[in-house]
2 protein chains.
Amino acid sequence: MLKKERHDFIMRQINLHNRVLTSDLVQLLNVSEDTIRRDLQELVDMGLLFKVHGGALSKSYHSSFDDSTVYARDSKIIIAKKATNLIKDGMVVLTGGGTTILEFVKQLPESIQATFFTISPLVAVELAKYNNIEVILIGGLFSKNSQITYGGHVITQLSEIKADLCLMGTSAIHPEEGLTDTDWEINQLKKAMLAASKKSAVLCISEKLDIALRLKVCAIESISYLVTELDATDEALSGYTIKSLNIL
Amino acid sequence: MLKKERHDFIMRQINLHNRVLTSDLVQLLNVSEDTIRRDLQELVDMGLLFKVHGGALSKSYHSSFDDSTVYARDSKIIIAKKATNLIKDGMVVLTGGGTTILEFVKQLPESIQATFFTISPLVAVELAKYNNIEVILIGGLFSKNSQITYGGHVITQLSEIKADLCLMGTSAIHPEEGLTDTDWEINQLKKAMLAASKKSAVLCISEKLDIALRLKVCAIESISYLVTELDATDEALSGYTIKSLNIL
DNA sequence: CGGTATTTTGCGTGTTTTTGAAAGAATCAA
DNA sequence: TTGATTCTTTCAAAAACACGCAAAATACCG
């Protein structure tokens with residue numbers, strides 16, 4: 001393999017994952033550590049990446065440090081990590097959009113092997129960084145507010161698929177009223193997503209608990225998993241302890 | 001074997017595999033290393049390939065490399081600005097993906113009112129920033145390399161729409177060979193996109209001119225506009241001056 | 001046809017680039 | 001702190017390279 005091709009390979013890895021480990025590259029490219037180190041140094045000299053102990057980072061990663069703008073990011077990371085346990089190799093998963101789902105994708109283990117359907121372009125792009133995940137983006141009208149596809153076309157396509165698990169963020173959840181929403185289109189969409197999956201998991205930060213909005217998506221009996229940043233035994237979750245709903 | 005034959009042979013190898021090793025050529029062509037080196041140098045001087053230690057690479061191969069810094073960004077901005085003149089209020093536009101298209105979107109006037117179909121999630125997200133643009137994302141399998149949707153589902157949907165203008169980036173364009181590509185799926189996709197539009201514009205940085213790859217998309221007669229960073233009267237564009245093709 | 005210029009090619013020589021190994025310093029994680 | 005990993009520096013061998021030269025082939029011209 002030519003040096004230029006190695007550089008190319010490394011840059012592709014960087015652009016894909018925003019980071020790269022020296023040791024991984026040694027294995028993948030089958031050359032000595034020294035060669036990789038020299039390659040990385042040359043790429044640094046060209047100003048294409050950023051070297052750290054153990055590997056290298058994307059230059060743009062440095063600037064994307066303003067992830068702090070994501071509201072309640074710490075909580076969402078906890079939720080995301082818990083949710084990754086639901087994904088097993090070989091699964092077919094359907095996901096919505098939103099920052100929590102996006103965080104969930106980032107927390108997935110590197111080696112996971114699965115098929116993901118999603119209505120969120122941003123989630124699709126993030127999922128594409130995993131080698132063993134097949135990504136199918138469901139197309140349709142693109143919503144400027146929620147950055148997901150919606151509308152009749154999306155719902156038609158959802159009716160044609162059957163996933164093992166549906167992962168969605170939530171606007172509001174309530175023990176009696178179940179999942180609720182304010183937007184008619186989003187409401188329809190969520191119903192269609194639930195109908196397209198055998199099981200469903202709702203990712204929900206604790207402050208959205210015990211709230212009911214105008215439009216009902218489904219009862220909490222229709223949900224299989226509720227994932228919050230709280231401990232499963234937490235007082236605030238007592239209203240949700242029914243047999244069909246796993247809290248984690 | 002004549003020199004010209006060797007050159008042709010080398011170029012065929014390059015277009016086929018995107019790369020070639022000096023040592024391989026020595027064996028295949030049964031000449032000395034020096035001869036091969038001289039051949040490669042001459043092809044470089046003609047601007048047909050890219051020489052590296054150990055062999056040579058295709059000029060278009062170069063493209064996947066600099067995604068982070070966006071290769072030849074200045075040129076792409078010039079192209080993008082020119083291309084925005086093609087968009088009129090009320091138009092239905094179909095776009096592909098790639099950094100040039102993305103730059104084009106960023107250069108659009110704030111007030112533009114139009115409908116955009118796209119196979120690129122990133123383009124969709126960028127388009128969504130415009131209030132008066134309706135965005136329809138065409139869904140399907142998501143390609144990790146090119147960050148666009150592809151496959152049979154995309155092509156089926158493309159067959160159902162009719163746009164006024166199709167905007168696409170390009171891997172290679174040649175006066176006789178027309179638009180060409182190396183990837184079968186992308187090739188099919190581009191054909192479908194062209195078929196779905198009344199007119200078509202190709203955005204192309206000058207270094208992709210006069211290159212022919214393995215798979216043909218269409219003849220240059222099928223293209224309505226060719227947008228490069230060069231002046232329309234530039235020498236390098238002389239081979240493309242046919243009646244049906246507007247150069248800008 | 002003969003003689004001269006030009007091109008092409010291969011070879012020898014010396015230089016540069018690339019790569020891996022070794023040794024010791026620096027860094028990290030527990 | 002201690003042990004393990006990772007880094008840096010230095011060195012050596014192999015591969016690839018550039019340059020000049022000369023033989024062979026080809027083209028050109030009177």
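Numbers restart at 1 for each chain; the letters A, B, ... are given by sequence-line order, proteins then strands.
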Using whole Å, report how far [atom1] of [X] lies from [atom2] of [N].
X: K3(A); N: dT17(C); atom1: NZ; atom2: P; result: 9 Å
X: K4(B); N: dT8(C); atom1: NZ; atom2: P; result: 13 Å
X: E5(A); N: dT18(C); atom1: CD; atom2: P; result: 14 Å
X: R6(B); N: dG10(C); atom1: CZ; atom2: C1'; result: 12 Å
X: D39(B); N: dT8(C); atom1: CG; atom2: P; result: 10 Å
X: M1(A); N: dT17(C); atom1: CE; atom2: C1'; result: 19 Å
X: L2(B); N: dA25(D); atom1: CG; atom2: C1'; result: 12 Å
X: H53(B); N: dA15(D); atom1: NE2; atom2: P; result: 11 Å

Do the side-chain N or O atoms of [X] get closer than 4.0 angstrom to the phosphate oxygens (OP1, OP2) of [N]?
X: K51(A); N: dT8(D); result: yes
X: R37(B); N: dT8(C); result: no
X: T35(A); N: dT19(C); result: no

Would you say F142(B) and I136(A) make side-chain contact, with heavy atoms under 4.5 Å? no

Compare all side-chain heavy atoms of E5(A) with those of F9(A) and state whether any distance is below 4.5 angstrom.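 They are not in contact (no side-chain heavy atoms under 4.5 Å apart), so the answer is no.
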
Residue closer to the 5' end of DNA chain D, V52(B) versus R38(B) (nearest nucleotide):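 This one resolves to V52(B).
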
Pull out every residue in residues 23-33 of chain A that has a heavy atom closer than 4.0 Å to any atom of DNA chain D, ordered by number, or say none. none

Residue N132(A) excluded, over 12 heavy atoms near CG under 6.0 Å: yes

Could you go through S197(A) and S200(A), starting from their C-alpha distance and side-chain angles, then the distance that decides it, and tell me whether this counts as side-chain hydrogen bond (donor to acceptor under 3.5 Å, both in side chains)? CA-CA 7 Å; S197(A) 316; S200(A) 53; over 6 Å; no

Inspect the contact between [Y] and [X] and indicate whether a charged nitrogen and a carboxylate oxygen are less than 4.0 angstrom apart.
X: K3(A); Y: E42(A); answer: yes
X: K81(A); Y: E103(A); answer: no
X: D8(B); Y: K4(B); answer: yes

Note the angle between the end axes of the helix from dC1(C)-dG30(D) to dA30(C)-dT1(D), five pairs defining each, rounded to 10 degrees.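 What I find for the helix from dC1(C)-dG30(D) to dA30(C)-dT1(D) is an axis angle of 40°.
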
I'd like to know if D34(B) reaches the base of dC17(D) with its side chain, counting only an N/O donor and acceptor under 3.5 Å. no

Atom pairs and distances, donor-acceptor, side-chain atoms in residues 172-181 of chain B, under 3.5 Å, two or more places apart:
{"residue": "H174(B)", "atom": "ND1", "partner": "E176(B)", "partner atom": "N", "Å": "3.1"}
{"residue": "H174(B)", "atom": "ND1", "partner": "E177(B)", "partner atom": "N", "Å": "3.3"}
{"residue": "T180(B)", "atom": "OG1", "partner": "L213(B)", "partner atom": "N", "Å": "2.8"}
{"residue": "D181(B)", "atom": "OD1", "partner": "S171(B)", "partner atom": "OG", "Å": "3.1"}
{"residue": "D181(B)", "atom": "OD2", "partner": "K190(B)", "partner atom": "NZ", "Å": "3.0"}

Would you check if the side chain of Y240(B) reaches a backbone N or O of I220(B) as a donor-acceptor pair within less than 3.5 Å?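 It does not hold such a pair.
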
